[in-house]
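What follows is a single structure, written as structure tokens, with notes after it.
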Amino acid sequence: MKIGIHDLDVATTHFVLKLDSMAEALGVDPGKYHMGLGQDEFSVPAPDEDVVTMAAEAATRLLSRNDASKIRMVLFATETGIDQSKAAGVFVHGLLGLPNAVRTVEFKQACYSGTAALQTAVNHVARYPEDQVLVIASDIARYAVDSGGEPTQGAGAVAMLIAADPSILEIEPDSGVYTADVNDFWRPNDSSTPFVEGKLSLDAYMDATLGAWDDLVARRGIEISDIHRFLHHQPFTKMARKAHAKLAEHLGVELGADLIEESMTYNRRVGNSYTASLYFGLVAQLQGNDDLAGKRLGLFSYGSGSVSEFFTGIVQPGYAEHLHADNVAESLDSRVELSFEEYRERHNAYVGSSDNNETEKVTDAPFRFSGVIDHVRQYEAN
Ligand code: CAA
């Protein structure tokens, strides 16, 4: 039985910062951002946007085309948890009006957990083929000002419906996995920005790429030439190029840049969306120029700390007619541009507090975070 991604959709934020504005304000050569990091701009949330509002927006579009009564689980993957106890997915479940007979859980392992959720969903459908699972990866990458990570910030959500006989991508059995205890990027409970060992994180990512690939080969005996396109987690798109080159060197083969090029279109503009980044890459790749029907994609998911997975999927015949996330470029174009000063003011004004507050009304997205009453986060439809 084939199991995989039956439908998917995305959402991002109200605001955008162009990295040219950051370069000018900080006196940095813009080439460092565009070429050195492979980033052009990043999404910035309005005060009334968070991982729940982005997730609900992506999921509501997806559910408008599908039968919500088949959904048996909602798996919400995020690094940007909004509560230590209650899963963000429960807020989304409420906003979407999903049936009560649903299991809802949050997954965490830095940027990797979207893939853990996806594989858990696939395993559930293998046992209960009539069920469908809503997997949502939603994150806001928020780094300290003047840190190396600041130009690699971003925000976005991808919602995916996992089902038997999928219309878009069959997830193949057997993947390569790799866990190594490394402190390359982490965010303690009392910090709204991560601690990052930048250079260590690059090495940890590339070690994980090779480790997960080698495990995939050991499990499946797959050849690199069996893979038609590669999609890598993209904390900044240059990272995908580095990992791709490292894999080629490891295997002693040529792997052209064209094998990853199209997957980077949206991440250059969204910035890092942690758990969602790989899946923004998938949407971009599927919307690229090539007919990928019947072709195998190799996906590499990395989460600092670190856990990673190399897995493969077969693009389904007729997938292009089932790709409804065709509004991505348009929604990226319609973000409201901030000046560098406005961005920094908003960044510095961020309060991750549960004291009573009412948020400024800014976003015109379908759902907004309206504030906190008696320590309870409040959401409303726009
Ligand atoms: N024109 C063209 N290129 C230029 C340039 C210019 N004028 N100036 C610099 N560059 C190039 C540099 O040569 C360098 O290229 P290489 O990497 O190919 O050598 C690149 O731009 C970056 O320059 P630096 O190394 O000097 O950049 P930096 O030290 O300021 O920061 C970073 C780089 C460490 C990755 C930083 O962005 C960071 O800390 N990011 C957050 C951590 C991260 O994303 N790590 C990735 C792996 S971890 C992960 O994947 C999980 C996750 O999502 C966070």
Side-chain angles (χ1 to χ4, degrees), residues 17 19-20 22-24 26-43 51 77-80 108-116 137-158 178-187 191-212 231-247 249 257 260 263-264 267-268 270-281 299-310:
L17 180 75
L19 286 176
D20 283 340
M22 181 176 271
E24 192 183 344
L26 298 181
V28 172
D29 179 349
K32 172 169 177 179
Y33 299 150
H34 298 299
M35 307 284 293
L37 296 174
Q39 293 303 116
D40 300 326
E41 47 197 46
F42 62 78
S43 290
V51 290
T78 187
E79 188 274 352
T80 324
K108 177 175 71 181
Q109 176 30 59
C111 312
Y112 166 70
S113 65
T115 301
S138 183
D139 265 310
I140 297 170
R142 194 174 171 279
Y143 288 88
V145 295
D146 292 326
S147 67
E150 190 182 14
T152 72
Q153 294 178 117
V158 178
Y178 186 84
T179 293
D181 187 356
V182 50
N183 295 314
D184 60 330
F185 170 110
W186 68 103
R187 189 161 70 80
S191 179
S192 68
T193 54
F195 292 82
V196 186
E197 293 291 338
K199 302 297 175 203
L200 176 63
S201 75
L202 306 188
D203 291 342
Y205 181 119
M206 287 190 282
D207 288 349
T209 309
L210 305 188
L231 299 95
H232 300 269
H233 167 55
Q234 296 164 26
F236 50 96
T237 65
K238 176 79 165 287
M239 188 69 237
R241 295 188 194 283
K242 285 176 185 285
H244 197 57
K246 190 79 179 174
L247 188 59
E249 180 193 294
I260 58 170
S263 73
M264 299 186 283
N267 283 317
R268 293 188 70 94
V270 172
N272 196 353
S273 57
Y274 293 160
T275 54
S277 154
L278 175 63
Y279 300 99
F280 268 103
L299 297 95
F300 175 67
S301 180
Y302 176 77
S304 290
S306 73
V307 179
S308 52
E309 182 160 348
F310 223 123

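The figures here come from the full heavy-atom set of this structure, side chains too, leaving out hydrogens, waters and symmetry mates. Indexing begins at 1, ligand by ligand and atom by atom, following the structure's order.
Near Gly149, meaning under 4.0 Å from any of its heavy atoms, are these atoms of ligand 1: 38 (C), 39 (O), 40 (N), 41 (C). Listed by number with element, the atoms of ligand 1 under 4.0 angstrom from any heavy atom of Ser304 are 48 (S), 49 (C), 51 (C).
Atom 14 (C) of ligand 1 is never approached by the protein to below 4.0 angstrom, counting heavy atoms only. Counting only heavy atoms, the protein gets under 4.0 Å from atom 42 (C) of ligand 1. Distance check for atom 48 (S) of ligand 1: a protein heavy atom is found below 4.0 Å.
Between Tyr112 and Ser301 the shortest heavy-atom distance is CD1-OG, 3.4 Å. Of all non-hydrogen atoms in Thr209 and Ala243, the two that sit nearest each other are OG1-CB, 3.9 Å. Contact record, Ser43 with Ala155: CB-O, 3.5 Å, taken as the closest heavy-atom pair.
To the nearest 0.5 Å, the span separating CD on Glu41 from CE on Met22 amounts to 12.5 Å.
Heavy atoms of Cys111 found under 4.0 angstrom from ligand 1 belong exclusively to the side chain.
Among Tyr302, Tyr143, Tyr33, the residue whose heavy atom sits closest to atom 54 (C) of ligand 1 is Tyr143. When the heavy atoms of His233, Lys242, Lys199 are ranked by distance to atom 24 (P) of ligand 1, first place goes to Lys199.
In the model, Thr78 has a side-chain atom that pairs as donor or acceptor with a side-chain atom of Asp139 under 3.5 Å. Side-chain polar atoms of Ser304 and Tyr205 form no donor-acceptor pair below 3.5 angstrom.
Judged purely by atom type and a 3.5 angstrom limit, Arg187 uses its side chain to pair as donor or acceptor with the backbone of Glu79. Without hydrogens or angle criteria, Arg268 side chain to His34 main chain gives a donor-acceptor distance under 3.5 Å.
At a 3.5 angstrom cut-off on N or O pairs, Asp184 does not count as close to ligand 1. Polar contact check, Tyr274 against ligand 1: no nitrogen or oxygen pair lies under 3.5 Å apart. Inclusion of Phe185 in the set of residues having an N or O under 3.5 Å from an N or O of ligand 1 is not warranted. The N/O atoms of Asn272, backbone and side chain alike, include one that comes under 3.5 Å of an N/O atom in ligand 1.
Relative orientation of the Tyr143 and Phe185 rings is perpendicular, given thresholds of 30° and 60° on the angle between their planes.
Looking from atom 7 (N) of ligand 1 to the surrounding protein, the closest heavy atom is Asp29 OD2, 2.9 Å. In terms of protein heavy-atom proximity, atom 23 (O) of ligand 1 is nearest to Lys32 CE, 3.7 Å. Pro235 CB, 3.4 Å is the protein heavy atom nearest to atom 44 (O) of ligand 1.
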Next item on the list: Evaluate the criterion side-chain contact (heavy atoms from CB on, under 4.5 Å) for residue pair Val196 and Asp184; output intermediate values, then yes/no.
Entry: CA-CA 6 Å; Val196 186; Asp184 60 330; over 6 Å; no

